[in-house]
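Handing you a structure now.
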Amino acid sequence: MSEIKKLLPLQDLDCQLRDMKRELEDIPARKEEEQSRLQEHKANLAAAEEAMKGEQAKIKELELEVQSCKEQIDKYRQQQMVLKSNKEFRAMEIEIANVLSKIREHEDQELVLMEDVEKARVNVDERRKELAAEEEAVNLDVADLDERMAGIEAEVSAMDTRRGEVLADVPEEMLARYERILARRDRALVPVEGGICSGCHMKLPPSVAQNILKQEDLVSCDHCGRLLYIP
Ligand SMILES: [Zn+2]
C-alpha cells in the first residue's frame with residue numbers, strides 16, 4: 001500500500017467523527033426548540049386563567065354591592081322606626097323597595113356571570129389538558145434526543161480509540177499536512193478520477209498522475225490543495 005493510502009482509514013474516521021460531533025453540538029439547541037413548543041400552550045393557559053379570574057372578580061364586586069344594599073336597607077328600617085308621620089314612613093318604604101329591586105337586578109346579573117365563570121372554567125380545563133399532552137410529547141422527544149446523544153457519545157469514544165490505533169501507522173509529517181487540509185476542507189484526501197481531482201473537479205496535468213505513481217512525496221491538487229491518490 002502506498003504511504004498516502006494509510007490516511008484513508010483515518011480520513012474515514014475523522015469525517016464520521018466530525019459529523020457526529022456536529023450532531024452532538026446541535027442537540028442542546030434542538031432540546032431548547034422542543035421546550036419552546038410549550039410556550040404557546042403555557043400562554044394560552046395563563047390567558048384562560050386570567051379570563052376566569054376576571055369573571056370571578058365581577059361576581060365578587062356584585063356580591064359586595066348586594067351586601068351594601070342590604071346594609072342600606074337595615075339602615076332605612078332603623079330610621080323608619082323613629083319616623084313620626086305616615087307620609088315619611090311610606091316614602092321610606094319606596095326607598096327600600098328601590099334598593100330591593102336593585103338587589104334583584106344584581107342577583108340576576110350574578111346568575112349570568114356564574115354561567116360565564118363556568119364556561120371560563122371549562123376553557124381553563126381544556127387548555128390545561130392541551131398543555132399536559134404537549135408536555136408529554138415534548139418529554140418523549142427530549143428523551144429521544146438524550147438517548148441519541150448518549151449513543152453518539154459512546155460511538156465517538158469508540159472511534160477515538162480506533163483513531164489512536166490507526167494513527168500509529170501514519171508518519172507524523174504526513175499527518176500534520178493532512179490535518180491542516182482537513183481543517184478547512186470536507187476531505188483532505190481525494191481520488192484522481194479520469195485525470196480529474198474529485199475534490200474540486202478540475203483537470204490535472206498528466207505529470208501529477210505520474211508523480212503520484214512514483215510515490216516519492218505527497219502530491220496535492222494545484223487548484224484546491226487536497227492530497228491526491230490513485231484509487
Ligand atoms: Zn482539486
Side-chain angles (χ1 to χ4, degrees), residues 1-42 134-231:
M1 185 165 81
S2 67
E3 285 281 279
I4 191 166
K5 285 190 179 170
K6 289 178 180 170
L7 287 172
L8 283 174
L10 180 65
Q11 174 164 271
D12 271 352
L13 284 169
D14 281 341
C15 290
Q16 287 180 65
L17 278 165
R18 183 159 62 186
D19 289 346
M20 285 193 289
K21 283 174 183 169
R22 268 188 201 142
E23 194 180 343
L24 272 184
E25 278 167 19
D26 280 348
I27 286 179
R30 285 168 68 192
K31 282 168 75 172
E32 244 171 69
E33 217 171 276
E34 291 290 341
Q35 295 294 347
S36 74
R37 276 163 53 191
L38 296 178
Q39 288 315 313
E40 197 190 326
H41 293 275
K42 282 180 182 166
E134 193 66 12
E135 266 168 345
E136 206 181 319
V138 164
N139 287 343
L140 284 177
D141 288 346
V142 167
D144 280 350
L145 284 171
D146 283 337
E147 202 179 310
R148 174 83 190 128
M149 191 158 70
I152 297 174
E153 277 165 355
E155 245 178 290
V156 164
S157 145
M159 288 180 95
D160 273 336
T161 309
R162 222 176 311 150
R163 187 179 189 274
E165 292 158 12
V166 171
L167 271 187
D169 214 21
V170 178
E172 221 168 274
E173 225 171 278
M174 196 190 263
L175 179 68
R177 197 162 157 195
Y178 157 86
E179 282 182 333
R180 267 202 309 280
I181 300 169
L182 194 64
R184 53 196 170 84
R185 297 280 186 197
D186 55 341
R187 297 276 183 280
L189 202 63
V190 290
V192 177
E193 277 159 357
I196 287 169
C197 163
S198 63
C200 66
H201 308 290
M202 297 292 276
K203 182 122 189 72
L204 300 162
S207 58
V208 168
Q210 285 157 18
N211 287 340
I212 297 171
L213 289 171
K214 273 191 251 159
Q215 296 182 18
E216 278 167 6
D217 196 10
L218 295 179
V219 179
S220 60
C221 169
D222 279 344
H223 305 288
C224 68
R226 292 181 182 88
L227 299 172
L228 300 166
Y229 68 95
I230 305 221

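Remember, it's 1-based here, ligands and their atoms both numbered in the order they're listed. Position 1 is the first residue of the sequence, and the numbers go up from there. Here the structure is a predicted model, which is why all the values come from computation and not from measurement.
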The expected count of protein N/O/S atoms at less than 2.8 Å from the Zn ion (ligand 1) is 4

Exercise. Would Ile27 and Lys31 count as a side chain to side chain contact (heavy atoms under 4.5 Å, CB included) if you check the C-alpha gap in whole Å, the side-chain angles of each, and the deciding distance to 0.1 Å?
Worked result: CA-CA 6 Å; Ile27 286 179; Lys31 282 168 75 172; 4.0 Å; yes

Correct closest heavy-atom pair for Tyr178 and Asp14 would be OH-OD2, 2.6 Å

Show me, pair by pair, the donor-acceptor contacts under 3.5 angstrom made by side chains of residues 187-199, not counting sequence neighbours?
unit_1	atom_1	unit_2	atom_2	d
Ser198	OG	Pro191	O	2.8

Scanning both residues in full, the closest heavy-atom pair of Arg226 with Ile181 reads CA-CG2, 4.2 Å

Between Arg18 and Arg185, the two heavy atoms sitting closest are NH1-O, 3.1 Å

In terms of heavy-atom contacts, Leu145 and Glu34 come closest through CD1-CG, 4.2 Å

